[in-house]
Amino acid sequence: MTVWVEIAGAKHRVELPAELSVGGEHECLVDGNNILADAKLIAPGVLSLLVSGCQYLCTLDGETLRIGQRTYPFTIDDPRSLRGRSSQADAASGPRAVKAPMPGRVVRILVAEGEQVEEHQGVIVIEAMKMQNELKAPRAGRISRIAVAAEDAVGTGHILVVIE
Amino acid sequence: MTVWVEIAGAKHRVELPAELSVGGEHECLVDGNNILADAKLIAPGVLSLLVSGCQYLCTLDGETLRIGQRTYPFTIDDPRSLRGRSSQADAASGPRAVKAPMPGRVVRILVAEGEQVEEHQGVIVIEAMKMQNELKAPRAGRISRIAVAAEDAVGTGHILVVIE
Amino acid sequence: MLRGDRAGKIASVMKKVLIANRGEIALRIIRACREMGLATVAVYSDVDRMAPHVLAADEAVRLGPAPAAESYLRGDRIIAAARILEADAIHPGYGFLSENAAFADACLAAELNFIGPPGSAMRALGSKTLARQAADKAQMPRVPGTVTGLASVEEALHVAEEIGYPVMLKAAAGGGGKGMRAVTSATDLPSAFAAASSEAERSFGSSEVYLEKLIEQPRHIEIQIIADQHGNCIYLGERECSVQRRHQKVIEEAPSAIVDEDLRRRMGEAAVRLALSAGYVNAGTVEFLVDAQRNFYFLEMNTRLQVEHPVTEMVTGLDLVHLQMSVAMGQPLGLTQSDVALRGHAIECRIYAEDPDNNFFPSPGLITRLLEPSGPGIRLDSGVYAGFTVPLDYDPMLAKLVAYAPTRAAAIDRMLRALDEYTIGGIRTNIALFRRILLDEGFRTAAIDTGYLERLLVQQQASESVSPPPEIVALAAAILSSASVTASVPAATPATRWTSTARREGLRA
Amino acid sequence: MLRGDRAGKIASVMKKVLIANRGEIALRIIRACREMGLATVAVYSDVDRMAPHVLAADEAVRLGPAPAAESYLRGDRIIAAARILEADAIHPGYGFLSENAAFADACLAAELNFIGPPGSAMRALGSKTLARQAADKAQMPRVPGTVTGLASVEEALHVAEEIGYPVMLKAAAGGGGKGMRAVTSATDLPSAFAAASSEAERSFGSSEVYLEKLIEQPRHIEIQIIADQHGNCIYLGERECSVQRRHQKVIEEAPSAIVDEDLRRRMGEAAVRLALSAGYVNAGTVEFLVDAQRNFYFLEMNTRLQVEHPVTEMVTGLDLVHLQMSVAMGQPLGLTQSDVALRGHAIECRIYAEDPDNNFFPSPGLITRLLEPSGPGIRLDSGVYAGFTVPLDYDPMLAKLVAYAPTRAAAIDRMLRALDEYTIGGIRTNIALFRRILLDEGFRTAAIDTGYLERLLVQQQASESVSPPPEIVALAAAILSSASVTASVPAATPATRWTSTARREGLRA
């Protein structure tokens with residue numbers, strides 16, 4: 001099985017044997033280099049990787065890999081993976097949505113539909129865990145839509161305001 | 001759904017509503033008595049039961065229920081349950097098997113096939129976790145079969161010796 | 001100093017305690033009750049039915065919907081629950097109703113033992129301006145400035161001239177940094193006064209502000225005291241809480257690296273004087289600012305158990321919640337000042353559900369995976385478990401991780417080890433931030449003040465020396481991702497329809 | 001007292017430590033190394049690839065198949081692994097090779113720093129008969145009896161007559177209760193002598209037995225000592241380990257309820273004299289029997305870190321493994337006897353995979369569920385996790401649970417609270433047994449001796465007063481059973497083919 005992994009802007013080609021489950025070491029190819037790895041899944045999302053005597057305890061959390069105390073955001077390019085490439089929707093031009101970065105409640109809407117806003121101007125305030133957070137406009141433009149009202153509960157990624 | 005539960009020799013008829021999953025309290029019938037219960041499954045096998053203000057944290061371990069620090073072995077009489085009634089195989093008369101009470105290795109066999117043994121006479125020694133354990137004959141009789149040899153690895157419930 | 005016959009009668013029958021709080025502190029108090037043979041009643045809002053404090057209690061009562069105003073702040077419902085379930089005492093924890101004098105009074109009126117100071121002491125020491133007057137009476141050094149609210153901007157200009165710039169405007173009813181403005185010259189004062197007043201009005205319903213000399217790069221050091229009903233009051237050493245972000249404590253430690261025996265005694269005796277002057281009973285904390293010359297200035301008094309009380313427990317060997325209960329039962333302290341000795345060093349990290357990489361946004365939600373540190377010198381007071389959904393309605397503290405060791409350096413290194421063992425999956429936390437602080441030379445040399453962390457956060461983060469090679473990272477990512485898609489067998493412990501429903505309910509809330 | 005130039009050279013370069021052990025003690029040592037900035041190498045047998053100590057280490061090396069004789073006892077392979085991975089020190093933990101003088105010598109020969117006493121000190125104090133001779137030289141009280149093996153039954157009869165019955169026959173090379181016989185009269189001695197000799201021959205390959213006066217209902221109390229390479233040696237108070245089953249410690253505590261300052265000093269000074277007389281370096285324990293009149297008698301010396309060292313750490317505030325490392329690096333202790341003070345009380349429960357309801361049969365296997373205690377005053381040194389398969393090849397200790405509190409009574413009640421929070425599912429454990437002991441009046445009044453637990457176990461177990469009504473038990477059983485059959489949705493975190501394979505592998509082993 002071949003998987004492309006993108007970490008910190010660099011793409012790596014990783015070839016894994018079909019059956020890693022049989023005990024002992026396995027030959028894996030990373031960018032063409034042979035790595036003899038003893039990989040054990042300790043629990044779902046928790047992997048112990050033993051390579052040349054070094055032991056790495058790796059945990060998966062969403063799209064982030066953690067090894068020791070270091071974290072590595074990554075993307076996978078594999079048709080069988082649940083995670084595709086990162087979305088290209090947030091392009092630089094075209095309408096841009098202000099989305100909720102966390103679950104919360106809408107406290108105040110600071111703009112009106114049709115209003116012109118500057119980049120980094122505050123557009124909406126949402127509250128969670130006793131903290132109010134003012135969300136800013138990602139670019140200058142005109143408010144084309146306000147998708148929520150004060151007191152609304154919103155989830156992560158919920159579209160709040162759209163700027164054209 | 002009706003379930004018969006046997007605990008410490010007493011049988012209880014328990015009627016549960018079909019859908020316990022909807023939040024809040026539910027009417028359950030135990031031996032004909034109505035109990036208003038708020039039941040929440042915290043994790044597989046871990047239940048928080050709230051009845052008349054009292055909170056019981058209950059955990060399931062095999063055929064044993066634990067509430068607080070007390071444990072209650074029980075059996076369920078429900079066609080849909082994975083656990084049937086407890087096996088009736090270990091009757092008082094007829095051939096009796098000496099089974100391994102834990103995984104281990106056979107260290108010594110203390111009897112020979114055809115030998116007469118007394119009740120509580122040692123018949124076999126198995127070892128696990130640096131402890132040797134001598135297993136005794138459950139009743140007097142003749143050794144009709146020795147199913148293992150020294151150094152064999154055995155699992156829990158594995159038949160070791162049969163006494164007729 | 002006894003609180004009268006009635007209180008005495010109440011105190012004599014303490015068998016069941018209602019804990020009017022949630023999260024780690026409710027669990028911590030339930031544990032103390034269990035250790036003392038006291039039955040426990042938990043209270044909960046709709047989103048907390050499966051919270052750890054409910055699962056740990058003998059009895060539990062629903063208070064109402066998620067918002068605190070409709071649940072944990074409903075003193076009437078809490079008192080009603082206590083009466084129905086025949087609890088004889090209420091422990092308020094910290095936050096919520098813990099410093100509400102009217103609630104303390106209402107408990108007393110309902111013949112419930114409020115485990116905390118009497119309402120009168122709370123009133124005398126709870127308001128910042130009243131507390132400053134009490135501090136003056138107790139001959140306690142405090143930051144030069146007004147002790148009452150400023151009537152006008154003219155008065156503010158006059159006082160500022162007298163004590164000298166820079167000065168600080170503060171809301172009298174305030175806390176948490178709201179209604180505060182630093183002012184460096186007379187020209188800036190009028191606009192700052194207007195802004196602070198209106199922010200105070202918006203935040204606390206009172207526009208009253210007062211003015212103090214600004215202490216530059218102060219350390220925040222506080223004294224833990226405990227007083228019984230018989231007039232005994234002692235101090236249990238200090239805690240240093242200078243590592244703060246937006247006036248919220250992030251790391252606390254005991255003892256402070258800059259407090260010696262003499263300074264500890266002088267601060268401690270001042271704190272005890274203040275407490276005794278107000279008829280204080282039970283545990284309390286007197287907060288001070290300490291300047292570079294080790295002058296200390298009274299800041300305010302917290303009339304309750306503090307979040308950071310465990311570091312004091314680690315270095316004194318005492319249990320503050322046990323002491324709170326004994327005192328509330330009318331027992332004498334059983335300790336004199338000379339019985340209190342500090343040994344070793346303890347550090348506490350407040351583990352928050354927030355994302356340090358993204359403006360510290362809160363991060364409530366389902367905890368999918370939890371690996372907790374333990375072993376020598378480690379104490380974890382946690383309020384979550386794997387499978388629990390952290391509600392968005394309350395403060396973001398998930399747990400307090402405490403490390404104890406013979407020296408400050410060893411405690412720091414032990415904390416780093418424990419942080420390495422700590423994994424909370426599914427939500428973002430500030431665990432990695434602590435690693436950064438604890439490796440920073442400034443923190444390690446105790447060169448800290450209340451502005452330390454904000455300065456650190458604007459610095460470029462140094463990359464760590466040891467790090468796995470990129471091909472190992474790629475390999476691990478590939479294997480873990482493949483594993484998650486090739487899942488083909490049911491789990492060893494299959495989740496049930498109930499669990500899934502419960503999780504959906506939690507997420508929906 | 002320095003171990004010569006070569007040892008000095010070795011000691012000066014300690015950067016990476018190989019831990020020649022498994023389970024909780026390997027993890028505990030790895031944690032200490034991490035806290036001290038030392039890299040770690042774990043070793044493992046085939047059934048331990050996924051053991052916690054491997055997952056916690058920086059590097060890991062396979063030793064061989066499951067049986068200890070082919071893995072953890074293979075000193076040659078361990079030394080080879082240390083050389084290949086360029087470790088400069090080996091910590092042996094307890095058990096396995098920890099008291100093997102030849103292994104300590106082999107480490108030295110391989111220029112590896114053995115973190116423990118020199119082989120010479122182990123030889124002088126390791127054999128029971130040699131140690132008794134050393135104790136006599138150090139003017140240490142010991143149980144009256146022979147210091148060398150008995151040549152014949154006639155000599156045995158003669159000695160027994162001299163010291164008076166009852167007497168105890170013991171295997172010189174023995175331990176764990178094997179080759180021991182109590183004898184109350186001369187008529188019984190010949191048969192007991194023959195039985196003890198042949199049991200000693202079978203168990204230890206040597207039929208040598210010696211004879212001691214039998215101390216009736218003795219307490220087992222031991223002194224922790226630590227010595228550096230510069231001739232400094234101090235004692236760190238005592239531990240009481242009288243709660244035993246089949247000569248295996250079950251509960252340990254510090255301090256002992258019957259040891260006062262004077263007795264502690266006399267026992268401590270005797271222990272230090274013995275250690276110094278043998279050129280002892282590093283941590284060690286001198287075990288004593290104490291009779292009803294508080295006379296103490298030397299029993300034996302353990303030339304290694306003990307299982308129960310945490311209770312000493314809790315009451316002294318010190319870290320014994322950190323001290324072991326410092327001493328091995330050639331550093332002076334940095335502590336004098338007057339720096340050591342005991343504070344509060346600590347109790348340790350050894351959590352075993354065994355079934356107290358079924359003859360204490362061992363219970364290895366897959367841990368399906370794990371809820372661990374934590375919070376104030378609780379330390380857990382564990383060697384397992386949920387999903388780990390406890391191998392049947394090693395000793396059954398899963399974890400050590402330690403409770404600390406200001407008093408013995410509070411520590412007992414705290415331990416009860418922690419035991420209530422502890423759930424280990426899938427295998428049987430002795431958790432419930434501790435509850436029974438800690439609630440027993442005999443234990444609570446410290447009326448314990450080495451026969452205490454065996455006497456308790458033959459008593460009828462009193463049923464506890466508080467218990468949920470039968471209908472609640474029935475309801476809970478019904479709901480949990482139904483839930484487990486109505487499972488219809490996949491788990492939130494689906495297990496993968498790998499996990500399942502891994503579990504099958506673990507179970508098959």
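These values consider heavy atoms only, across backbone and side chains, with no hydrogens, waters or symmetry-generated copies. On a predicted model such as this, the values are computed, not experimentally measured, just so you know. To find a chain, count down the sequence lines: A is the first, B the second, and so on, and within it residues start at 1.
Looking at B:Arg66, the atoms closer than 4.5 Å to chain D (heavy atoms on both sides) all sit in the side chain, from C-beta outward. With a 4.5 angstrom heavy-atom cutoff, B:Thr64 touches chain D only via side-chain atoms. With a threshold of 4.5 angstrom between heavy atoms, D:Asn358 approaches chain B through side-chain atoms but not through N, CA, C or O. For D:Leu416, no part lies under 4.5 angstrom from a heavy atom of chain B. For chain B, the nearby parts of D:Ala353 are the backbone and the side chain; heavy atoms of each come within less than 4.5 Å. With a threshold of 4.5 angstrom between heavy atoms, D:Thr423 approaches chain B through its backbone and through its side chain. The part of D:Tyr422 that comes within reach of chain B is its backbone (N, CA, C, O), which places non-hydrogen atoms under 4.5 angstrom from that chain.
Residue D:Gly95 comes nearest to D:Arg304 through the heavy atom pair N-CD, 4.2 Å, listed as atom of the first residue, atom of the second, then distance. The minimum heavy-atom distance linking D:Met415 with D:Cys349 is given by the pair CE-SG, 3.5 Å. Listed here is the closest heavy atom pair of B:Val46 and D:Leu480: N-CD2, 4.0 Å.
The candidate from D:Gly425, D:Pro391, D:Ala474 with the greatest count of non-hydrogen atom pairs under 4.5 Å with chain B is D:Ala474.
Under a 3.5 Å cut-off, the side chain of D:Asn430 and the backbone N or O of D:Phe360 do not form any donor-acceptor pair.
For D:Asp413, the salt bridge (charged side-chain N to carboxylate O under 4.0 Å, His left out) partners at least two apart in sequence or on another chain are D:Arg444. With sequence neighbours excluded, the residues satisfying salt bridge (charged side-chain N to carboxylate O under 4.0 Å, His left out) with D:Glu24 are D:Lys400.
Heavy atoms of other residues, nucleotides or ligands lying less than 6.0 angstrom from CD of B:Glu113 number more than 12.
Under the salt bridge (Lys or Arg N to Asp or Glu O under 4.0 Å) test applied with B:Glu164, the options B:Arg139, B:Arg142, B:Arg145 reduce to a single match, B:Arg142.
Among residues 118-137 of chain B, the residues having any heavy atom closer than 4.5 Å to a heavy atom of chain D are, in sequence order, B:Ala128, B:Met129, B:Lys130, B:Met131, B:Asn133, B:Leu135. Scanning residues 147-158 of chain B against chain D with a 4.5 Å non-hydrogen threshold yields no residues.
Of the N and O atoms on the side chains of D:Arg246 and D:Gln244, not one donor lies less than 3.5 Å from an acceptor on the other residue. Residues D:Asp48 and D:Tyr72 have side chains that bring a donor and an acceptor to within less than 3.5 angstrom of each other. Under 3.5 Å, the side chains of B:Thr75 and B:Glu63 contain no donor-acceptor pair of N or O atoms.
Taking the charged nitrogens against the carboxylate oxygens, D:Arg417 and D:Glu421 do have a contact shorter than 4.0 Å, which makes a salt bridge.
You'll find the side chain of B:His26 stays beyond 4.5 Å of the side chain of B:Leu16, heavy atoms only.
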